[in-house]
Amino acid sequence: MISNMKTIAITMEEDVVDRLDKLLASRHGTVNRSLTIRQAVREYLEREERLAEEQREATIFRQSKARLARQAEALVKDQAKI
């Protein structure tokens with residue numbers, strides 16, 4: 001797993017690091033900042049990517065709203081004939 005990783009340096013406020021360390025120690029008995037920060041970044045990226053996709057879909061829906069309404073109306077009329 002190390003082979004596909006890059007080492008980066010981040011700067012965080014001391015109180016944030018202290019809170020993180022305390023939380024990790026209380027939950028896990030050990031402090032693994034790197035793992036925790038990697039997981040947090042993954043979750044953040046997934047959330048942001050999901051939001052971006054939802055925004056793209058909402059834009060497409062808004063742009064197609066009138067056409068979709070016409071198609072739904074035509075479908076209902078066809079179903080009423082049966």
Query - Point-to-point distance, once rounded to the nearest 0.5 Å, from CG of Asn32 to CZ of Arg38 - result: 6.5 Å

**Report entry** Spacing of CG belonging to Asp18 relative to CE belonging to Met12, to within rounding of 0.5 Å
**Finding:** 10.5 Å

Report task. Treating Ile, Leu, Val, Met, Phe, Trp and Tyr as nodes and any side-chain heavy-atom pair under 4.5 angstrom as an edge, say whether Ile8 and Met5 lie in one connected cluster. Result -> no

Query raised in the report: According to a 4.5 Å side-chain heavy-atom criterion applied to Ile, Leu, Val, Met, Phe, Trp and Tyr, with indirect links allowed, do Val16 and Val41 form part of one hydrophobic cluster?
Result: yes

Report summary line: Closest heavy-atom pair, Asp21 versus Arg33, reported as atoms and distance to 0.1 Å, is OD2-NH2, 2.7 Å

Requested in this report: Could you tell me whether Glu53 and Arg56 make a salt bridge, using a distance below 4.0 angstrom between a side-chain N and a carboxylate O?
Outcome: yes

Query raised in the report: Salt bridge or not for Glu73 and Lys77, using N-O below 4.0 Å?
Result: yes

Report task. Begin from the C-alpha positions of Leu35 and His28 and carry the test side-chain contact (heavy atoms from CB on, under 4.5 Å) through to its verdict. Result -> CA-CA 12 Å; Leu35 175 62; His28 307 289; over 6 Å; no

Requested in this report: Output yes when a side-chain donor or acceptor of Ser64 lies under 3.5 Å from a complementary backbone atom of Phe61, and no otherwise.
Outcome: no

Query raised in the report: With side chains defined as the heavy atoms from C-beta onward, is the minimum distance between Thr36 and Arg27 less than 4.5 Å?
Result: no

Query raised in the report: Hey, are the side chains of Val17 and Glu14 touching, using non-hydrogen atoms and a 4.5 Å cut-off?
Result: no

Requested in this report: Under the side-chain contact (heavy atoms from CB on, under 4.5 Å) rule, what do Glu54 and Leu51 come out as? Steps first, then yes or no, please.
Outcome: CA-CA 5 Å; Glu54 289 171 2; Leu51 287 172; 3.8 Å; yes

